[in-house]
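Inspection log for the structure reproduced underneath, given as structure tokens.
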Number of protein chains: 2
Amino acid sequence: MNATPRWLNPEQQAAWDGFIRMQEKLIGRLSRRVQADSHMSPADYIVLAKLTEAGGRMRFMDLTKLVEWEKSRMSHQVARMAKRGLVGKEDCPDDGRGAFIVATPAGREAIEEAAPVHVEHVRRLFIDALTQEELDALGRISNRVLAHLEKQPD
Amino acid sequence: MNATPRWLNPEQQAAWDGFIRMQEKLIGRLSRRVQADSHMSPADYIVLAKLTEAGGRMRFMDLTKLVEWEKSRMSHQVARMAKRGLVGKEDCPDDGRGAFIVATPAGREAIEEAAPVHVEHVRRLFIDALTQEELDALGRISNRVLAHLEKQPD
DNA sequence: AGGCCATGGTTGACGCATCAACCACCCGTG
DNA sequence: CACGGGTGGTTGATGCGTCAACCATGGCCT
């Protein structure tokens with residue numbers, strides 16, 4: 001309805017385009033590497049990482065909140081991982097609805113093997129591209145955007 | 001194999017975590033908004049945008065290269081979009097294998113309606129969070145990472 | 001006790017992305 | 001002409017993410 005929508009100015013456009021392109025390529029490459037040399041999806045990776053960091057046994061919803069996912073996503077994810085033997089589910093005695101999700105030995109082994117490879121790729125593809133000042137700047141910028149998002153409706 | 005893998009130092013880790021978190025939330029929110037108020041996926045959006053920018057009619061592979069996708073992805077995407085009437089396919093007379101992909105009137109209308117809404121969300125969620133200097137910094141950083149990625153194997 | 005909403009978690013359908021295999025046609029070379 | 005390799009494009013299987021609906025239990029309030 002707006003006859004002259006407020007398009008981005010060239011600098012804004014350049015920043016946005018560059019960011020999008022970079023983010024797509026970087027994330028894409030990283031997840032394909034993880035997949036290829038750990039036989040794990042990024043989702044598998046982060047779930048196992050957070051889960052084992054927390055001792056390898058957690059309530060479903062706690063884990064879900066920890067990684068900031070919605071429950072349905074986690075439910076599907078855990079189901080797939082359970083089928084592949086990376087985690088198990090146990091009933092919660094205190095709460096009839098609840099479930100614990102538990103890293104299996106295979107799961108622990110998988111993440112311990114994957115983690116150093118993963119960090120090495122992060123370093124190679126991302127960290128090594130930038131100076132520490134640039135990293136700091138990016139960190140600050142990211143946090144500003146995050147803070148902004150939380151104040152924003154929707 | 002490495003007894004003491006080179007973990008990231010705290011500043012590096014902070015930058016990486018912040019970036020990842022920001023990127024996930026931002027992209028997630030933006031694509032849900034696009035979906036919700038244009039009934040289009042981000043993939044639909046970018047394909048239609050690039051296609052109409054280029055006049056609304058392009059060879060399949062040219063379009064694929066333009067958006068930097070792999071052909072199978074584009075093939076599936078175009079098939080879905082064709083089914084929904086956003087684009088059409090035409091045979092290429094000069095090259096028996098080739099295909100033109102063409103924006104339909106419905107496709108043009110859809111993108112023209114979606115574009116201002118999209119840019120408004122980009123502005124609201126991202127641009128408005130940052131100063132012009134920060135945008136410039138992010139743009140430079142993105143380009144450095146992109147350049148680095150291109151030199152990197154894999 | 002009964003009723004009600006919130007919480008914890010699952011399910012199914014659907015669209016998207018990737019991989020690997022495949023088909024069809026073009027073109028250069030012998 | 002044949003044939004071999006490269007290009008253009010499709011297909012099917014599989015896993016991931018979202019949405020909406022759903023079920024079961026728990027906790028509160030009267």
Side-chain angles (χ1 to χ4, degrees), chain A residues 23-25 27-48 58-84 86-102 154, chain B residues 23-25 27-48 58-84 86-102 154:
Chain A
Q23 168 265 339
E24 274 169 8
K25 298 239 181 237
I27 302 296
R29 279 250 305 251
L30 186 59
S31 41
R32 265 164 295 183
R33 292 282 354 130
V34 171
Q35 191 82 296
D37 39 55
S38 313
H39 304 298
M40 262 202 253
S41 70
D44 295 335
Y45 182 86
I46 192 176
V47 167
L48 269 180
M58 240 198 267
R59 279 296 296 269
F60 178 90
M61 260 302 151
D62 293 345
L63 181 55
T64 301
K65 284 169 188 150
L66 186 59
V67 298
E68 307 187 81
W69 282 6
E70 36 183 319
K71 56 189 184 171
S72 128
R73 184 177 178 184
M74 184 60 83
S75 185
H76 285 301
Q77 181 64 34
V78 164
R80 283 184 303 254
M81 292 175 75
K83 188 154 47 179
R84 295 168 47 210
L86 295 172
V87 300
K89 288 186 237 182
E90 293 176 9
D91 290 0
C92 175
D94 311 6
D95 185 337
R97 327 160 261 190
F100 281 102
I101 109 107
V102 197
D154 224 25
Chain B
Q23 167 265 341
E24 274 169 8
K25 297 236 182 239
I27 302 296
R29 274 237 326 238
L30 187 59
S31 43
R32 264 163 295 181
R33 292 282 352 130
V34 171
Q35 190 82 296
D37 40 53
S38 313
H39 303 298
M40 260 202 256
S41 70
D44 295 335
Y45 182 87
I46 191 175
V47 168
L48 270 180
M58 239 198 259
R59 282 294 296 269
F60 178 91
M61 258 304 151
D62 294 346
L63 181 55
T64 302
K65 283 167 189 151
L66 186 59
V67 300
E68 308 188 80
W69 281 7
E70 35 182 320
K71 55 189 183 171
S72 130
R73 184 177 177 184
M74 184 60 82
S75 185
H76 285 299
Q77 181 66 32
V78 163
R80 282 183 306 253
M81 292 176 74
K83 189 155 46 180
R84 294 167 48 210
L86 295 173
V87 300
K89 288 186 237 183
E90 293 176 10
D91 290 0
C92 174
D94 311 5
D95 186 337
R97 330 160 257 192
F100 282 102
I101 108 107
V102 197
D154 221 31

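In what follows, every chain begins at residue 1, and chains take the letters A, B, ... in the order their sequences are listed. This one's a predicted model, so the numbers in the text were calculated from it and none came from an experiment.
- No donor-acceptor distance shorter than 3.5 angstrom exists from the side chain of A:R33 to the backbone of A:R29, with no hydrogens or angles considered.
- Of all heavy-atom pairs between A:S41 and A:Q35, the closest is N-OE1, 3.1 Å.
- Side-chain atoms of B:T64 come within 3.5 Å of backbone atoms of B:F60 as a donor-acceptor pair (strictly under, hydrogens ignored).
- As rounded to whole Å, 12 Å separates atom P of D:dG26 from atom CG of A:D91.
- Listed by residue number, B:R32 are the residues of residues 31-38 of chain B with a heavy-atom contact under 4.0 Å to DNA chain D.
- Rounded to an integer number of Å, the gap from CD of B:E68 to P of C:dA17 is 15 Å.
- The phosphate of C:dG15 (OP1 or OP2) has no side-chain N or O of B:R80 nearer than 4.0 angstrom.
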Exercise. Where along nucleotides 1-9 of chain D does protein come under 4.0 Å, by heavy atom, of base (B) or sugar-phosphate alone (S), with - for untouched nucleotides?
Worked result: -----BBBB
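- We find that CD1 of A:I27 is positioned 12 Å from P of D:dG17, with the value rounded to whole Å.
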Exercise. For B:M81 and B:L48, what are the C-alpha separation, side-chain angles and deciding distance, and is it a side chain to side chain contact (heavy atoms under 4.5 Å, CB included)?
Worked result: CA-CA 9 Å; B:M81 292 176 74; B:L48 270 180; 3.6 Å; yes
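- For the OP1/OP2 pair of C:dC16 and a distance below 4.0 Å, the side-chain nitrogens and oxygens of B:S41 include at least one atom meeting the criterion.
- As a whole-Å value, the separation of B:Q77 CD from D:dT10 P is 13 Å.
- Here B:D94 contributes atom CG and B:F100 contributes atom CZ; the two are 6.5 Å apart, rounded to the nearest 0.5 Å.
- Counting heavy atoms from C-beta outward, A:E68 and B:K25 have side chains that approach closer than 4.5 Å.
- Proximity of B:D44 to B:R80: side-chain heavy atoms (C-beta onward) are nowhere separated by under 4.5 Å.
- Remark: the backbone N or O of A:K71 is not paired with any side-chain donor or acceptor of A:S75 at under 3.5 angstrom.
- Map A:P93 and A:D44 each onto its nearest nucleotide of DNA chain D; the residue landing nearer the 5' end is A:D44.
- Atom CZ of residue A:R59 and atom CD1 of residue A:I101 lie 12.5 Å apart, to the nearest 0.5 angstrom.
- Counting to the nearest Å, the C1' atom of C:dA17 and the CD atom of B:E70 are 8 Å from each other.
- Taking every side-chain heavy atom of A:S72 into account, D:dT18 is the closest of C:dC16, D:dT18, C:dA17.
- When each of A:R84 and A:D94 is assigned the nucleotide of DNA chain D bearing its nearest heavy atom, the one mapping closer to the 5' terminus is A:R84.
- Following rounding to the nearest Å, A:R73 (CZ) and D:dG15 (P) show an atom-to-atom distance of 17 Å.
- Note: NE2 (A:H76) to C1' (D:dC22) measures 13 Å, nearest angstrom.
- Protein atom CE of B:M40 is 16 Å distant from nucleotide atom P of C:dG15, rounded to whole Å.
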